[in-house]
Structures are given as C-alpha cells and as structure tokens.
Amino acid sequence: MENFNQKTSMIWSIADILRGGWKQHEYQDVVLPLVVLKRLDSILADTKALVLDKHNEYKGKVNDLDPILKKTSGVPFYNTSDYDFRTLLGEPKLIAKNLKQYINGFSKNIQDIFEKFDFNKQLERLEDGNILYQIIQILNGVDFHPKNVDNYQMGHIFEELLRKFSEMSNETRSEEHT
C-alpha cells in the first residue's frame, strides 16, 4: 500500500503528544476515535457543501431530513456542521468547542459510535493546553479520502494501530509485573 508506513507513523506520532497526560493503555481511547472521525470527514468531503445546502433548504420544512441528507451524501451518514478537519484548525482557542459541534453535526448513527467510544471524556481531557490542536493538525495532514485509501487499506491501517496498541499494553503489563 502506497504511503502505508507514512500514514501509520503520522498517526502514531500522536502518542508522543499524549505522553505524560495519558497512560500508554489510554492512547487508543484518543487515537482510534479521531482516526475514525478523520476517515468519516474524508468520505464526506466531496458532498459536504451539497449536504449543507440541502440541510439549509429543508430545515424546518421537512420533519425527517435524515433520508434526504443520506441520499445527498451518497453514504449512510452525513454531517450538518459548518466544520470539517481543515476548518477546525481556524480557531485554535475554540477547537474543543468546535470539535464537539462538528461531532454533534453528524447523523445519529455516527453520534452513537462516538458515544460508544465515550469520546466526550477524552475530549474534556484534551481541552487543556494545545494538545487537541496539535492532534487535529497531524490528522489533517493524513489523506484518508476513499479515492486514495480504500476500505481494505483503511482496515490495514486500523489493524496496524491495534497491533501497536496491543504491544504497548503488553509491555506496560510486563513492566508492572517486574
């Protein structure tokens, strides 16, 4: 896979930012949801403006916008927030607040995923300092657009991250038992 190692290395560099504030076994609680978010952002990039136009056109006129917005996005989810990964970087001091708005702009099925990740807990921790901005900046530099990274390749990226997290957890357990 072209750039596989580069992509996983860039993502893995987030762990360096988390050192000190997070235990090693907690890195995945931050990294995995944000990688999923970046992938979703990349999938929606081509239809984002169209979805926002449809949302504005029908908001308040149609009771259930969900089918209209899913059809417009071309996938079984959408986002009605004005934000995306690129625009989140425009207001560094408000990045946590804007990221919450961005996540809340997703269709219910995607919001459920982030609830299962319990990502709000991590987001509260990330609000302190400049950490969240740095992480979004790194992920913004990773191209996950489906035309460049298909689902199969994306699966390999996740597998590699999970392997590294597993190794790290095993090392942490070994250190605790010595």
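Note that the structure is a prediction, hence the values are computed from the model and not measured. Sequence positions, counted from 1, serve as the residue numbers for this chain.
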side-chain contact (heavy atoms from CB on, under 4.5 Å) between Leu132 and Leu123, worked out: CA-CA 8 Å; Leu132 183 57; Leu123 194 51; 3.7 Å; yes

Side chain proximity check, Glu160 to Lys164, heavy atoms < 4.5 angstrom: yes

CZ-CD1 distance between Arg19 and Ile14, expressed to the nearest 0.5 angstrom: 12.5 Å

Criterion salt bridge (Lys or Arg N to Asp or Glu O under 4.0 Å) on Glu167 and Arg163, from CA distance to verdict: CA-CA 6 Å; Glu167 282 179 6; Arg163 184 189 66 74; 2.3 Å; yes

Which atom pairs, donor and acceptor, lie under 3.5 Å between side-chain atoms of residues 135-144 and protein residues at least two apart or in another chain?
from	atom 1	to	atom 2	distance (Å)
Asp143	OD1	His145	N	2.9
Asp143	OD2	Asn148	ND2	2.6

Same apolar cluster (I L V M F W Y, side chains within < 4.5 Å links), Phe77/Leu52: no

Side-chain heavy atoms of Ile95 within contact of Asn98, under 4.5 Å: no

Nearest atoms (heavy-atom pairs only) where Arg39 meets Val149: NH1-O, 2.6 Å

Minimum side-chain heavy-atom gap Trp12-Val31 below 4.5 Å: no

Any Ile113 side-chain heavy atom under 4.5 Å of Asn109 side chain: no

Closest non-hydrogen atom pair between Pro33 and Phe114, with its separation: O-CE2, 3.3 Å

Partner of Lys48 under side chain to side chain donor-acceptor pair (under 3.5 Å), chosen from Thr80, Asp82, Asn79: Asn79

Flag, side chain of Gln111 to backbone of Phe106, donor-acceptor distance under 3.5 Å: yes

ILVMFWY cluster membership beyond Leu50 - transitive side-chain contacts under 4.5 angstrom: none

Worked check of side chain to side chain donor-acceptor pair (under 3.5 Å) between Asp16 and Ser13: CA-CA 5 Å; Asp16 292 331; Ser13 72; 5.8 Å; no

Minimum-distance pair of heavy atoms, taken over all atoms of Pro76 and Ser107: O-OG, 4.5 Å

Any side-chain heavy-atom pair of Val35 and Met154 under 4.5 Å: yes

Hphob cluster co-occupancy, Met10 + Leu126, side-chain heavy atoms under 4.5 angstrom: yes

Separation between CG of Asn56 and NZ of Lys61, rounded to the nearest 0.5 Å: 10.0 Å

Polar side-chain atom of Asn3 near backbone of Gln6 as donor-acceptor pair, under 3.5 Å: no

Lys116 vs Asp112, salt bridge (Lys or Arg N to Asp or Glu O under 4.0 Å): CA-CA, chis, key distance, verdict: CA-CA 6 Å; Lys116 285 184 174 87; Asp112 290 346; 5.4 Å; no

Pairwise distance NZ(Lys71) to OG1(Thr47) - rounded to 0.5 angstrom: 14.0 Å

Stacked cation flag Lys38 on Phe85, 6.0 angstrom / 45 deg: yes

Derivation of the salt bridge (Lys or Arg N to Asp or Glu O under 4.0 Å) call for Glu127 and Lys100: CA-CA 11 Å; Glu127 282 185 271; Lys100 286 177 189 176; 3.6 Å; yes

Distance in Å, Phe158 CZ paired with Leu32 CG, rounded so as to fall on 0.5 Å steps: 6.5 Å

CG/Asn63: more than 12 non-hydrogen atoms of other groups inside 6.0 Å: no

Min side-chain heavy-atom separation Phe4-Gln153 under 4.5 Å: no

Separation between CG of Leu161 and OG of Ser166, rounded to the nearest 0.5 Å: 12.5 Å

Check: Leu44 and Ser73 side chains under 4.5 Å, non-hydrogen atoms: yes

Gln28: which of Trp22, Phe117, Phe165 passes side-chain contact (heavy atoms from CB on, under 4.5 Å): Phe165

Euclidean distance, Leu18 CG relative to Arg125 CZ, rounded to 0.5 Å: 8.5 Å

Shared-cluster residues of Val51, by chain and number - hydrophobic side chains joined below 4.5 Å: Tyr58, Val62, Leu65, Ile68, Leu69, Tyr78

Transitive ILVMFWY side-chain link Ile131 to Leu94, under 4.5 Å: no

